[in-house]
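What you see below is based on every heavy atom in this structure, not just the backbone, and it leaves out hydrogens, waters and symmetry mates.
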Amino acid sequence: AGFIIAWRDVAAMHARGIHFATLTHAAGLSSTGDAELDRRLPLPEWYRIPASTATAIETARAEDARVIAIGTTVVRAVEDAASRLGGIRAMERQATQRIGASTPLRIVDAIVTGTHEPGSSHHELLRAFVGDRVLADATRALERDGFRTHEFGDSMLVFADTRSRLRRASLPATAACAA
């Protein structure tokens, strides 16, 4: 997903007050093409959130700023950490949860992601952000206009819909702050 952002873009966004923070993650498969195997995905993935990133996320949440993940695995790492702790802090763990339509987004407000095929674990993760109708409309538009899918395909920016934001807002305050 990050392939669409060049270093000059990062510098321009930073000049406009947009801050970047990094984490380390082991990206896994979202689809193998085998329906039975794909139902088991995603497999556990290791991640490491450094103290500087945890602080940046805490600061953004405290300032009511958006947290935008660059890629599905970043969402999985940050949301896994928040589900374990109710907030974010520096840690190294293995993300084991599956994120889908019924998963409350505690931290991430939007995602820059490659386009993903329906049925893949990455497409299922997008269901935490927007409803099936929006994803179906997007899939039809992507197919109609010849967009390329998956990891090295075209990218899109998806904001969490009102339903997702309301789920997060209904969580206790500690769910959006570091413990």
Examine distances only and state if a side-chain atom of Asp145 and a backbone atom of Leu142 form a donor-acceptor pair shorter than 3.5 Å.
-> no
Of Ile57, Thr53, Val67, which is the lone residue that meets side chain to side chain contact (heavy atoms under 4.5 Å, CB included) with Ile88?
-> Ile57
Value rounded to 0.5 Å, distance of CG in Leu157 from OG1 in Thr113 = 10.5 Å
Between Ile49 and Ala77, which heavy-atom pair has the shortest distance, and what is it?
-> CD1-O, 4.2 Å
In Å, rounded to the nearest 0.5 Å, how long is the span from CD of Gln97 to CG of Asp80?
-> 5.0 Å
Evaluate the side chain to side chain contact (heavy atoms under 4.5 Å, CB included) criterion for residues Met13 and Ile5: first the C-alpha distance (whole Å), next the side-chain angles of each, then the deciding distance (0.1 Å), finally the verdict.
-> CA-CA 10 Å; Met13 287 185 261; Ile5 301 173; 3.9 Å; yes
Kindly compute the distance separating CH2 (Trp46) from NE2 (His25), expressed to the nearest 0.5 Å.
-> 15.5 Å
Same apolar cluster (I L V M F W Y, side chains within < 4.5 Å links), Val134/Phe147 | no
Is the closest basic N to carboxylate O distance between Glu124 and Arg98 below 4.0 Å?
-> no
pair Leu125-His123: side-chain heavy atoms closer than 4.5 Å = no
For Met156 and Gly114 the tightest heavy-atom approach is CE-O, 4.1 Å
Which atoms form the tightest heavy-atom contact between Gly131 and Asp161, and what is the distance?
-> N-OD2, 3.5 Å
Minimum-distance pair of heavy atoms, taken over all atoms of Phe159 and Ala110 | CD2-CB, 3.5 Å
Gap between atom OG of Ser120 and atom CG of Leu126 - 0.5 Å precision = 7.5 Å
Any chance you could measure Ile111, atom CD1, to Ile70, atom CD1, to the nearest 0.5 Å?
-> 8.5 Å
Which atom pair, heavy atoms only, marks the closest approach of Pro50 to Ala90?
-> C-CB, 3.9 Å
Does any N or O in the side chain of Arg76 come within less than 3.5 Å of the main-chain N or O of Ala95, such that one atom is a donor and the other an acceptor?
-> yes
Hey, are Glu58 and Arg61 close enough for a salt bridge, meaning a charged N less than 4.0 Å from a carboxylate O?
-> no
Ion pair check, Arg127 and Asp132, cut-off under 4.0 Å | yes
Side chain to side chain contact (heavy atoms under 4.5 Å, CB included) between Val74 and Glu79, worked out = CA-CA 8 Å; Val74 174; Glu79 294 294 334; over 6 Å; no
Measure the shortest side-chain to side-chain distance between Pro118 and Thr139 over non-hydrogen atoms and say whether it is less than 4.5 angstrom.
-> yes
Closest heavy-atom pair and its distance - Gln94, Tyr47 = C-CE2, 4.0 Å
